[in-house]
Structure formats: structure tokens, C-alpha cells
Q: 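Dropping the structure in here first, questions after.
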Amino acid sequence: ANTGRLSSNDPNLQNIPIKTDIGGKIRQAIIATGKDNCLLSCDYSQIELRVLAHLSGDETLVKAFDGDQDIHRLTASLIYNIPESQVKDNMREVAKRVNFGIIYGQSAYGLSKDLDIPVNQAQDFIDAYFLRYPKVKEYIQAQIKRAEKEGFVTTLLGRRRCIPEINNKNLGIRQFAQRQAVNTPLQGSASDLIKLAMVNISAQIKSKGLEAKMILQIHDELVFDLPAGELDTLAVLVKKEMEQVMKLDVPIKVDIKRGKNWL
């Protein structure tokens, strides 16, 4: 994809739903290659938000990841101006949408549609977010300015994406280009990191003579098919390679799950 993410089709294995009953049944049908094998899933935890903390240097965001806080709960406490202990699940869900909406350069109108709330309320959430994370706002503005001046943005590893429409006279086209300028360094850096990790993991699997196979990459997640006897070895190896692929100003964290099928 344009941000550097891998995408798949025929079949699209990166969009198999999990939250619906039918999605669960489809995932249940995706099984390991033999009765002695299992699947291992290793997933970066909130990697784009961690890249945002690294690139923006926002102290509150960096401190939250350093302290292994629940970032959505923290954001909810900040935008609702209440202690974290009083944050309800629906507030956390709103904060999660705001956190990711900011990454995608979402406007108040876009957020209001997403949350099904009035535009002015969505704008209040965005304003409260930037008040609490001021360096994120500075970072976003700097990215847009850089794209306007140079015509491109870059990922952490220096990969460029040209954004020719950033100075377009049409407001809608220009705003879409601005969203690309904000999101590409974040999503693009995350995709650089996982591809670098994939190269390193592949080399490790070969050098250790393991039978495990890396079978699928879904954005921030890697899926392996392996003999059950290699589980512990591979889990440690993959976690280490993914978490230490590059030094950021915040810790990189990987969640690991295992099972006979993908559900």
C-alpha cells in the first residue's frame, strides 16, 4: 500500500473479521498444517501510537508508555477531566477512537460521524486532546508544513512518500493530502519496523534450523505455523526480535497468543 504496508487479495487474509460470529467461524477454520503443529500470533501493541510518542517527543505520551499505562484510559481521563479510576468502558472506547483518529488526521466532522456525536462535541474532544498532548499538535503542524515545502514525507527509516496534492487549490483534495502527510510517517514507520523484524526473524529461523514458518503478516501482527515443540523457543525469539528491532524513546511491546486454529 502507499504507506508501505503489505496488502493481500484473492483471498484477502488481512481482513478476516474477528468480532462477528461468522468471522469467528472463518478464523476457526484456519488451522495449523498438522495435528502436532500450532499457530503463534505475535502482535505489536499500539505501535503507531508509540511511534507518535517517539516522533513528537510529547512528555505525557512518552511517560505513559514508559510506565506501561493503558493509553486509552489515560486519554479518556484527560479529555473528560476525571481520575483514571472513574473512566468507564464507553469513555475509554471514545478515547481510543480519538487516539487513532488523531493518527489518521481525522477532522471534527470525521470524528463526529465515527462516534455518532455532534460536530462541536467532537471538536471539544480534539481540543482537549491537543491541550493535554501539545507536542502532538506541534508534530502534526510541522509534518504538514514539511510536506508543503518539500513535496514528500519520510518514515523513521528514511523511506519517502511523495504527496503532490498537498498544495492543491481544492480544499478537499488538500485536506486529504494533509491527512496523508500526518499518517504516513506513523503507519509507514510501523510497517518499516515489522518488515525489518521479519527479515531478522527469517534469518534466525534458518540459522537455528527451526521448522517454523512465517505464514502471514497482518499490519502489526505476524502469524507462524510451527511444531508445538518449538513454541517456547520461537515465542522468545520473535518477541525479542520484534521488540528490539529499533531503539525508540518508548518501549516497544509485543503481545503473543497461541492456538490450534486462528480463533
Side-chain angles (χ1 to χ4, degrees), residues 3-6 40-79 83-85 87 92-93 95-104 129-130 132-140 142-143 154-159 182-205 214 217-224 231-258:
T3 55
R5 272 184 167 183
L6 300 179
L40 179 74
S41 159
C42 306
D43 195 359
Y44 275 128
S45 167
Q46 298 166 343
I47 188 69
E48 289 175 27
L49 290 171
R50 290 172 195 269
V51 171
L52 176 64
H54 174 81
L55 288 174
S56 69
D58 187 272
E59 289 87 354
T60 308
L61 211 48
V62 169
K63 192 175 161 204
F65 282 123
D66 278 343
D68 201 22
Q69 279 179 274
D70 178 338
I71 198 73
H72 302 316
R73 192 165 292 282
L74 171 68
T75 299
S77 79
L78 295 176
I79 64 177
E84 279 185 62
S85 57
V87 171
R92 184 185 179 278
E93 186 57 35
K96 184 177 178 181
R97 301 283 184 92
V98 175
N99 273 333
F100 287 114
I102 297 294
I103 286 178
Y104 293 108
Y129 179 97
F130 285 136
R132 303 310 194 278
Y133 300 120
K135 285 206 174 161
V136 172
K137 185 169 193 176
E138 287 171 27
Y139 165 76
I140 287 172
Q143 279 304 119
T154 56
T155 65
L156 266 175
L157 294 179
R159 191 164 47 77
V182 172
N183 176 244
T184 295
L186 304 171
Q187 197 178 96
S189 295
S191 77
D192 283 358
L193 293 183
I194 199 162
K195 280 187 278 192
L196 196 55
M198 287 164 78
V199 171
N200 296 345
I201 291 162
S202 176
Q204 288 271 13
I205 287 173
M214 194 176 344
Q217 185 258 32
I218 309 123
H219 310 319
D220 304 328
E221 175 188 1
L222 295 178
V223 182
F224 299 83
L231 250 177
D232 293 342
T233 306
L234 194 75
V236 170
L237 182 161
V238 172
K239 190 174 170 68
K240 181 175 172 236
E241 289 297 340
M242 286 177 76
E243 289 183 344
Q244 295 178 15
V245 67
M246 193 174 174
K247 183 86 180 81
L248 298 186
D249 292 338
V250 293
I252 297 176
K253 195 175 162 192
V254 171
D255 297 322
I256 290 187
K257 292 174 183 166
R258 55 191 71 182

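Bear in mind that the values here come from a model prediction, so they are computed numbers and not experimental data. Because only heavy atoms are used, hydrogens play no part in the values below, and waters and symmetry mates are left out as well, while side chains stay in.
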Q: Do M242 and I252 come within less than 4.5 Å of each other through their side chains, counting heavy atoms only?
A: no
Q: With salt bridge (charged side-chain N to carboxylate O under 4.0 Å, His left out) as the rule and sequence neighbours excluded, what pairs involving residues 63-77 come up?
A: D68-K253, D70-R73, D70-R92, R73-D89
Q: Taking only residues two or more places apart in sequence, or in another chain, which ones meet E59 in a side-chain contact (heavy atoms from CB on, under 4.5 Å)?
A: K135
Q: List the steps and the verdict of salt bridge (Lys or Arg N to Asp or Glu O under 4.0 Å) for R50 and D249.
A: CA-CA 9 Å; R50 290 172 195 269; D249 292 338; over 6 Å; no
Q: Say you draw a straight line from CG of L231 to CZ of R258; how long is it, rounded to the nearest 0.5 Å?
A: 5.0 Å
Q: Side-chain donor-acceptor pairs under 3.5 Å in residues 185-192, sequence neighbours left out?
A:
residue : atom : partner : partner atom : Å
Q187    : OE1  : T3      : OG1          : 2.8
S189    : OG   : L156    : N            : 2.8
S189    : OG   : P185    : O            : 2.4
S191    : OG   : R159    : NH2          : 3.4
S191    : OG   : G188    : O            : 2.9
D192    : OD1  : R159    : NE           : 2.9
D192    : OD1  : R159    : NH2          : 2.7
D192    : OD2  : T155    : OG1          : 2.6

Q: What pair of heavy atoms forms the shortest contact from V62 to G57, and how long is it?
A: CG2-C, 4.3 Å
Q: Could you pull out the closest heavy-atom pair between S77 and P83, with the gap in Å?
A: CB-C, 4.1 Å
Q: When you measure from the side chain of E48 to the backbone N and O of I103, does any donor-acceptor pair fall under 3.5 Å?
A: no
Q: Distance from N200 atom CG to Q244 atom CD, nearest 0.5 Å?
A: 11.0 Å
Q: Not counting sequence neighbours, which residues clear side-chain contact (heavy atoms from CB on, under 4.5 Å) with Q204? List them please.
A: S207, K208, L237, E241
Q: How long is the straight-line distance from CG of L193 back to CG of L248, given to the nearest 0.5 Å?
A: 6.0 Å
Q: V136: which residues meet the side-chain contact (heavy atoms from CB on, under 4.5 Å) condition with it, sequence neighbours left out?
A: L52, S56, D58, L61, I102, Y129, F130, Y133, I140
Q: Report yes if some heavy atom in the side chain of F65 is under 4.5 Å from a heavy atom in the side chain of L74; otherwise report no.
A: no
Q: Measuring centre to centre across the rings, with the benzene-like ring taken for any Trp, is Y139 within less than 6.0 Å of H54?
A: no
Q: Kindly give the heavy-atom pair with the smallest separation between I71 and A64, and that separation in Å.
A: CD1-CB, 3.6 Å
Q: Could you give me the CA-CA distance, side-chain angles and deciding distance for I201 and F224, then say whether side-chain contact (heavy atoms from CB on, under 4.5 Å) is met?
A: CA-CA 11 Å; I201 291 162; F224 299 83; 3.8 Å; yes
Q: For R5, is there any backbone N or O sitting under 3.5 Å from a side-chain donor or acceptor partner on K195?
A: no
Q: With a 4.5 Å limit on heavy-atom distance, are the side chains of L234 and I205 in contact?
A: yes
Q: Can you tell me if K239 uses its side chain to pair, donor with acceptor, with the backbone of V254 under 3.5 Å?
A: yes
Q: Go through it in stages, so that I can follow the logic: the residues are V223 and I218, the test is side-chain contact (heavy atoms from CB on, under 4.5 Å), and I'd like the CA-CA distance, side-chain angles, deciding distance and then a yes or no.
A: CA-CA 8 Å; V223 182; I218 309 123; 3.8 Å; yes
Q: Flag the pair N99 / Q46 as yes when at least one side-chain heavy-atom distance between them is below 4.5 Å, and no otherwise.
A: no
Q: Mind checking what makes salt bridge (charged side-chain N to carboxylate O under 4.0 Å, His left out) contact with E138, not counting sequence neighbours?
A: none
Q: Looking at side-chain heavy atoms only, is the closest gap between C42 and E221 below 4.5 Å?
A: no
Q: Starting at CD of E243, measure out to OG of S45 and round the result to the nearest 0.5 Å.
A: 9.5 Å
Q: Minimum heavy-atom separation for A235 and I256, please, with both atom names.
A: O-CD1, 3.6 Å
